[in-house]
Structure formats: C-alpha cells, structure tokens
Amino acid sequence: MTMWPYPKILAHRGGGALAPENTLAALRCGLSHGFHAVEFDVMLAGDGIPVVLHDPELGRTVAGSGRVPDYAAAELTKMDAGAWFAPAFAGEPVPRYEEVFRFCLENRIWMNVEIKPAPGFEEATGRTVAALTAQWLTEPAVAAALAGGWQAPLLSSFSHEALLAARAAAPELARACLFDAIPADWLARLQAAGAQALHTSHRKLTPAQAAAVKEAGYGLFCYTVNEPARAREILAWGVDAFCTDRIDLIGADFA
Ligand code: G3P
Ligand code: MG
C-alpha cells in the first residue's frame with residue numbers, strides 16, 4: 001500500500017487565503033473551489049473540548065484577548081473569527097472540532113487534522129483529538145461513509161509528545177510527524193510515533209531529503225505551497241502532496 005493514499009492538494013486552514021482560516025466558511029469556500037481535502041488546526045479549550053484554531057493567544061483571528069486555555073469551548077465558539085478577514089465574514093464563529101469533522105463527513109472532505117496544542121497541553125491535546133476521532137469513526141453513519149470510499153483523517157503534529165499520546169489513545173489512526181526543517185533524527189521520530197508520513201515546510205526541503213524519505217517508504221507532504229512553479233518542482237522531487245493558501249491559483253486537480 002502506498003503511504004500516501006490521500007488527495008495530493010489540500011486547502012490550508014480550510015479555505016487557504018480566500019476565507020477566514022479554520023472556520024466553516026473556509027471549508028465552504030474550499031468546496032466552492034472544488035477542494036475535497038483540507039488541513040486545519042485543532043486545540044483544546046480550557047474545558048478540554050477541542051476547537052479549530054491556530055494561535056494559542058486570542059487577538060489575531062479571534063476578536064478577544066487572553067489565551068485559548070483560559071476559555072471554555074462554549075465561550076470560544078461565541079467569539080468572532082471572521083471579522084478580521086473581511087466585514088462579510090463578521091460573526092463567523094470559532095468552530096468545535098466536532099462541527100468541522102461532521103461538515104467534512106457530510107461533504108466527503110478528507111481531513112489532515114493538525115494537532116496544535118497550546119503550550120503545556122501537548123499530551124492532553126494529542127490524546128483527546130485521537131480518542132474523539134476514533135470514537136466518531138465507529139458511528140454507523142461514519143462507517144458507511146468509510147465503506148463508500150471516504151478516507152479516515154490523518155493526524156499530524158509538530159509536537160512529538162502529542163503524537164505519542166495520539167498513538168497511545170488510538171493506535172489505528174494514521175499519523176504524520178510535522179517539521180519546520182527535517183531533523184537529523186527524523187526516521188527515529190517517525191518510528192516512535194508510528195507515523196506513515198513526514199510533513200515539512202517546502203522552504204528548507206532538498207531533493208536529497210525528499211528522496212531519502214521516499215526511499216524509506218514514507219509519505220511526504222509539504223506546507224504551504226503557493227506558487228505553481230514551486231509546486232511542480234517539489235512534486236517532481238517525489239513529494240506526494242501539499243497544502244496551499246492559493247486555492248484560486250492551484251486547483252484541487254493541479255497534480
Ligand atoms: O499542517 C501544515 C501547516 O499548517 C503547518 O503550519 O502554522 O500553518 O499550522 P501552520
Ligand atoms: Mg496547520
């Protein structure tokens with residue numbers, strides 16, 4: 001079996017640069033551009049409920065202040081995650097992970113779920129995201145979707161601790177180690193996490209590294225590729241897939 005049985009082009013943070021990141025509006029935008037594959041970020045609210053957010057501090061995309069773990073999910077999901085992007089998106093809420101999961105299920109969107117722990121919550125975030133994902137995948141409606149060809153999510157993280165916790169909680173789920181630059185001990189890290197793929201920034205990737213990862217039998221995914229010429233270059237190096245902010249320039253069928 002190939003270690004990358006997934007779509008090759010993903011909309012980064014739901015809808016790339018065309019909609020407020022990590023929202024249902026972003027997923028709808030991705031869909032309207034033909035994307036049935038997305039990456040998004042999941043963090044725990046203070047009450048342990050996972051929400052879809054990138055930053056552990058409020059203020060950039062979410063109107064508010066303080067840290068994500070300072071708020072319960074019910075408080076975060078009342079906050080505006082759209083106005084920063086454009087007035088037309090004002091009132092777009094922070095979604096719970098469960099809402100995003102179910103939207104993707106209904107619309108047959110494949111998910112790369114990036115486990116994005118707030119500092120100090122690495123183990124809890126990895127464990128919770130994996131356990132809930134595995135639980136939802138056993139529901140009859142979800143099992144039917146899987147039988148019909150929809151693929152189970154791939155969990156990735158920069159946090160090795162989160163990946164180890166995810167592995168312990170739901171070993172059957174697919175995992176990927178996420179790196180800014182590929183470290184010298186990448187193979188040991190992948191083995192320890194039971195990962196099937198390596199995710200890395202395209203900026204520091206070399207053709208030799210790409211060849212080594214593929215030679216070792218792993219899937220290879222890059223973030224965040226926004227120029228078509230660069231996308232073609234890394235695909236020629238053997239990169240299996242990437243996410244993009246420019247879903248308008250790089251279509252779902254680009255590869
Ligand atoms: O998962 C790939 C990519 O999203 C990692 O970086 O900061 O956009 O979450 P970031
Ligand atoms: Mg991400």
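Order of listing sets the numbers, starting from 1, for every ligand and every atom in it. Predicted, not measured: the structure shown is a model, and the values here were computed from it. These numbers come from the heavy atoms of this one structure, side chains and all, not from hydrogens, waters or symmetry mates.
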Quick check: does [X] get an N/O under 3.5 Å from an N/O on ligand 1?
X      : result
Asp41  : yes
His54  : yes
Glu39  : yes
Asn112 : no

query: Hey, mind stepping through Asn226 and Thr244 against side-chain hydrogen bond (donor to acceptor under 3.5 Å, both in side chains) and telling me if it holds?
result: CA-CA 5 Å; Asn226 296 329; Thr244 183; 3.2 Å; yes
- prompt: Is it the side chain, the backbone, both or neither of Lys116 that has a heavy atom closer than 4.0 Å to ligand 1?
  reply: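 Just the side chain.
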query: Given that the side chain starts at C-beta and the backbone is N, CA, C, O, which of these parts of Leu178 lies under 4.0 Å from ligand 1, counting heavy atoms, or is it both or neither?
result: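 Near ligand 1, Leu178 shows its side chain, while the N, CA, C and O stay back.
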- prompt: Tell me, which N, O or S atom in Asp41 is closest to the Mg ion (ligand 2)?
  reply: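 Closest N, O or S atom of Asp41 to the Mg ion (ligand 2): OD1.
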message: side-chain hydrogen bond (donor to acceptor under 3.5 Å, both in side chains), that's the test. Do Thr200 and Tyr223 meet it? Break it down for me.
response: CA-CA 6 Å; Thr200 189; Tyr223 71 93; 6.0 Å; no
message: Check for me, please, whether Val239 and Ile182 land in the same ILVMFWY cluster - side-chain distances under 4.5 Å, paths through other members count.
response: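 In one cluster with Val239: Ile182, yes.
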message: Which option wins on minimum heavy-atom distance to atom 6 (O) of ligand 1: Phe40, Phe179, Tyr223, Phe221?
response: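 Among Phe40, Phe179, Tyr223, Phe221, the closest heavy atom to atom 6 (O) of ligand 1 belongs to Tyr223.
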field: Minimum heavy-atom distance between Pro228 and Leu249, given as atom pair plus value
entry: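 So the minimum-distance heavy-atom pair works out to CD-CD1, 4.3 Å.
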query: Considering all heavy atoms of both residues, which atom of Ala210 and which atom of Leu205 are nearest to each other, and what is their separation?
result: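 For Ala210 and Leu205, the tightest heavy-atom pair comes out as N-CD1, 4.0 Å.
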- prompt: Which of parallel (below 30°), tilted (30 to 60°) and perpendicular (above 60°) describes Phe101 and Trp136?
  reply: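 The rings of Phe101 and Trp136 sit tilted, inter-plane angle from 30° to 60°.
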- prompt: Could you go step by step and tell me if Ser156 and Asn112 meet the side-chain hydrogen bond (donor to acceptor under 3.5 Å, both in side chains) rule?
  reply: CA-CA 7 Å; Ser156 61; Asn112 170 202; 3.0 Å; yes
field: Contact atoms of ligand 1, heavy-atom distance to His12 under 4.0 Å
entry: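 Listed by number with element, the hits are 3 (C), 4 (O), 8 (O).
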task: Go through ligand 1 atom by atom and flag the ones less than 4.0 Å from a non-hydrogen atom of Arg13.
output: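 Those qualifying, in numeric order: 7 (O), 8 (O), 10 (P).
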task: Mind checking the CH2-CD spacing from Trp150 to Glu106? Nearest 0.5 Å is all I need.
output: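 That separation rounds to 10.5 Å.
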query: Looking only at protein heavy atoms, which one is nearest to atom 5 (C) of ligand 1, and how far off is it?
result: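 Minimum-distance protein heavy atom for atom 5 (C) of ligand 1 reads Glu114 OE1, 3.4 Å.
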- prompt: Among the heavy atoms of His199, does any lie under 4.0 Å from an atom of ligand 1?
  reply: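 No, that is not the case, since the closest heavy atom of the residue is not under 4.0 Å from the ligand.
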query: At the Mg ion (ligand 2), what angle lies between atom OE2 of Glu39 and atom OE1 of Glu114, rounded to 10 degrees?
result: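 With the Mg ion (ligand 2) as the vertex, OE2 (Glu39) and OE1 (Glu114) sit 90° apart.
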message: For His12 and Asp245: C-alpha separation, side-chain torsions, deciding distance, then whether side-chain hydrogen bond (donor to acceptor under 3.5 Å, both in side chains) applies.
response: CA-CA 5 Å; His12 184 226; Asp245 284 329; 2.8 Å; yes
